[in-house]
S.K.: 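Here it is, the structure, as structure tokens.
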Amino acid sequence: MKHAHVRDRLGPYLEGDLPLQQRALVDAHLDACESCAAELKELRGTIALLRSLPELEPPKGLAGRVMARIQAGEAQPSRWVRLVDGFDLLLRPRPLVVLVAASAGVLALTLLTPGFRTEPGEPQLGTSETLASSETARLQRLALPSVWAREASFAHLPIGSSADPEPSPLVSGLGALDSEPDRLSRDPSRCLEGPSQIPLAECDDRAFALAEEASDVDRAGKAARTPGTAEGFERTSGPAAPR
Amino acid sequence: MRREVSHEIAERGPLVRAGAVRAPVLDDPDQELVARWRGGDSAAFEALVRRHERRVFRLLVRMLGSPSEAEDVAQETFLNLHRHGHRFRGDARFSTFVYRVAANAALNRRRTIGRGQARERNLAESQACGLATPLPLADPEREAAGAQVRNRVQEALMALSPALRLPLVLYDIEGLGYSEIARVLELAEGTVKSRIHRARQALRPLLGALAREMGPGRAA
């Protein structure tokens with residue numbers, strides 16, 4: 001065993017904390033090493049000096065002075081201490097409080113999520129009327145920004161087909177939806193059945209039909225100027241909208 | 001030479017300290033007084049102060065080196081104890097809680113005043129106020145020598161950093177066990193052992209020569 005290893009173990013050696021095997025090794029080293037044995041002796045002497053320090057008596061009247069200060073209100077907790085204690089109380093781990101807080105958080109998150117939020121007077125979640133209204137609202141959202149709506153209308157066109165340089169009737173058609181959203185929602189099942197087939201195209205067709213009814217003259221004029229546009233939009237696939 | 005080594009071997013063995021506090025928490029002798037104090041009995045708190053003032057004062061003198069400063073901080077300790085007593089959860093002995101509050105007060109005081117300034121002032125004060133001569137002895141020469149030794153020990157203690165001095169004082173002077181010191185200082189027990197050993201190693205060059213002068217048996 002090296003000197004450094006022995007010196008590191010002199011503390012636990014003195015306290016009797018070393019395992020027997022290590023203690024035997026240290027003993028063997030101390031038998032042979034005078035410097036380590038001298039260090040052990042100095043450590044023993046140091047500890048003995050510390051433990052020889054006399055008992056100290058506290059000043060007389062200390063308890064009385066403390067009690068007088070307490071009665072004078074000096075031991076009142078400061079605002080800061082009260083604040084810290086308040087936080088400590090809040091932060092102390094209590095399973096029931098944590099469970100209630102977590103439940104409240106989930107509930108609040110659910111209510112604040114747009115898809116789940118309901119206004120007073122609106123139908124309840126899960127009914128067909130609600131679903132139809134939400135579909136109508138989605139169409140309205142599509143219709144409100146006219147530029148987006150126009151671009152969205154060409155998304156139905158096959159790649160490479162000619163786009164109408166003039167404003168599409170979809171713009172005015174969807175604009176008409178703003179004023180007549182209820183007419184779409186009167187027969188919502190049509191838009192909702194078979195969503196994987198082409199319900200949106202049919203909805204679009206239906207929307208065009210409504211738009212045409214609302215702005216017949218305008219549509220006729222534009223259709224005359226740009227023949228084929230309406231057909232190009234009205235259908236890329238799927239059946240034509242009933243008129 | 002060989003005889004010296006043999007004598008040294010005979011001296012070896014674990015240092016078993018008398019009065020080491022290792023009682024379990026359930027045996028807390030302060031339990032009843034603490035309960036009465038929490039029930040609003042101020043006389044119970046005064047009894048607690050009287051019961052613990054000696055150990056608080058002793059610890060603070062060894063930590064601060066000055067009796068007058070130790071008394072100030074002892075008063076602050078008990079005021080803090082009264083102020084924060086509701087934080088005592090009873091999962092340790094009340095004396096452990098008292099030691100913790102006193103240790104914090106001592107460390108705060110050390111931070112408040114400059115270390116070097118405090119050391120000079122406290123050393124001068126402890127020598128002037130007779131800290132090292134608490135009891136008159138029959139032999140004045142021996143008493144003077146003893147006072148000198150105690151002053152040198154206190155001076156060596158003050159040379160340690162508070163982080164090393166505090167566990168050393170709690171262990172070697174106050175007689176607490178490792179586990180209780182760990183609870184007082186909120187450290188791991190292994191850290192406490194390591195600090196105590198480092199503190200002794202740091203003191204050895206300062207006090208080793210003095211211990212040799214004193215000879216075996218005289219220091220104790």
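Keep in mind it's a predicted model, so treat the numbers as computed, not measured. Protein chains get the first letters and strands the later ones, always in sequence-line order, with residue 1 at the start of each.
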S.K.: Could you pull out the closest heavy-atom pair between A:Glu57 and B:Phe57, with the gap in Å?
M.R.: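 That would be O-CE2, 3.3 Å.
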S.K.: With only heavy atoms counted, which part of B:Leu168 is less than 4.5 Å from chain A, the side chain, the backbone, both or neither?
M.R.: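 Side chain only.
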S.K.: Please determine whether the number of non-hydrogen atoms from other residues, nucleotides or ligands lying under 6.0 Å from atom CG of A:Leu107 exceeds 12.
M.R.: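 Enclosed.
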S.K.: Hey, mind stepping through B:Arg54 and A:Glu55 against side chain to side chain contact (heavy atoms under 4.5 Å, CB included) and telling me if it holds?
M.R.: CA-CA 9 Å; B:Arg54 180 190 293 259; A:Glu55 288 276 321; 3.9 Å; yes
S.K.: Taking all atoms of both residues into account, what is the closest heavy-atom pair of A:Pro58 and B:Glu53, and its distance?
M.R.: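 Distance-wise, the nearest heavy atoms are CG-CG, 3.9 Å.
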S.K.: Calculate, to the nearest 0.5 Å, the distance between atoms CG and CD belonging to B:Leu210 and A:Glu42 respectively.
M.R.: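 Answer for the CG-CD pair, B:Leu210 versus A:Glu42, is 11.0 Å.
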S.K.: Considering residues, nucleotides and ligands other than B:Glu32, do more than 12 of their heavy atoms fall under 6.0 Å from its CD?
M.R.: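 Atom CD in B:Glu32 is not crowded, with 12 or fewer foreign heavy atoms closer than 6.0 Å.
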S.K.: Closest heavy-atom contact between A:Thr46 and B:Leu203?
M.R.: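 Smallest interatomic distance, heavy atoms only, reads CG2-CB, 3.7 Å.
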S.K.: With a 4.5 Å limit on heavy-atom distance, are the side chains of A:Leu56 and B:Arg62 in contact?
M.R.: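 Contact flag for A:Leu56/B:Arg62 side chains = yes.
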S.K.: Using modelled atom types only, decide if a donor and an acceptor are shared between the side chain of B:Arg83 and the backbone of A:Glu74 within a distance under 3.5 Å.
M.R.: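 Answer holds: yes.
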S.K.: Do A:Arg65 and B:Glu71 meet the salt-bridge criterion of a basic N to acidic O distance under 4.0 Å?
M.R.: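 Salt bridge between B:Glu71 and A:Arg65, a charged N being under 4.0 Å from a carboxylate O: yes.
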S.K.: State, to 0.1 Å, how close B:Gln201 and A:Arg7 come at their nearest heavy-atom pair, and which atoms those are.
M.R.: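 Distance-wise, the nearest heavy atoms are NE2-O, 3.5 Å.
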S.K.: For B:Phe45 and A:Met67, work out which heavy atoms get closest and say how close.
M.R.: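 Closest approach of B:Phe45 to A:Met67, heavy atoms only: CD2-SD, 3.8 Å.
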S.K.: To check you understand the geometry: which heavy-atom pair defines the closest contact between A:Leu50 and B:Ile173, and what is its length?
M.R.: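 Closest approach of A:Leu50 to B:Ile173: O-CG1, 3.7 Å.
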S.K.: Starting at CD1 of A:Ile47, measure out to CZ of B:Arg204 and round the result to the nearest 0.5 Å.
M.R.: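 A:Ile47 CD1 to B:Arg204 CZ: 11.5 Å, rounded to 0.5 Å.
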S.K.: Tell me, for A:Gln71 versus chain B, whether the close heavy atoms (under 4.5 Å) come from the side chain, the backbone, both or neither.
M.R.: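 Neither part.
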S.K.: Is any side-chain heavy atom of B:Leu157 closer than 4.5 Å to a side-chain heavy atom of A:Leu53?
M.R.: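 B:Leu157 vs A:Leu53: side chains touch.
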S.K.: Does any backbone or side-chain atom of A:Asp17 lie under 4.5 Å from a heavy atom of chain B? Answer side chain, backbone, both or neither.
M.R.: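 Side chain only.
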S.K.: State plainly whether the residues B:Glu76 and A:Arg69 are in salt-bridge range, i.e. N to O under 4.0 Å.
M.R.: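 Result for this pair is yes, salt bridge flagged.
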S.K.: Under a 4.5 Å cut-off applied to non-hydrogen side-chain atoms, are A:Leu62 and B:Val56 in contact?
M.R.: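 No, too far: nothing below the 4.5 Å cut-off.
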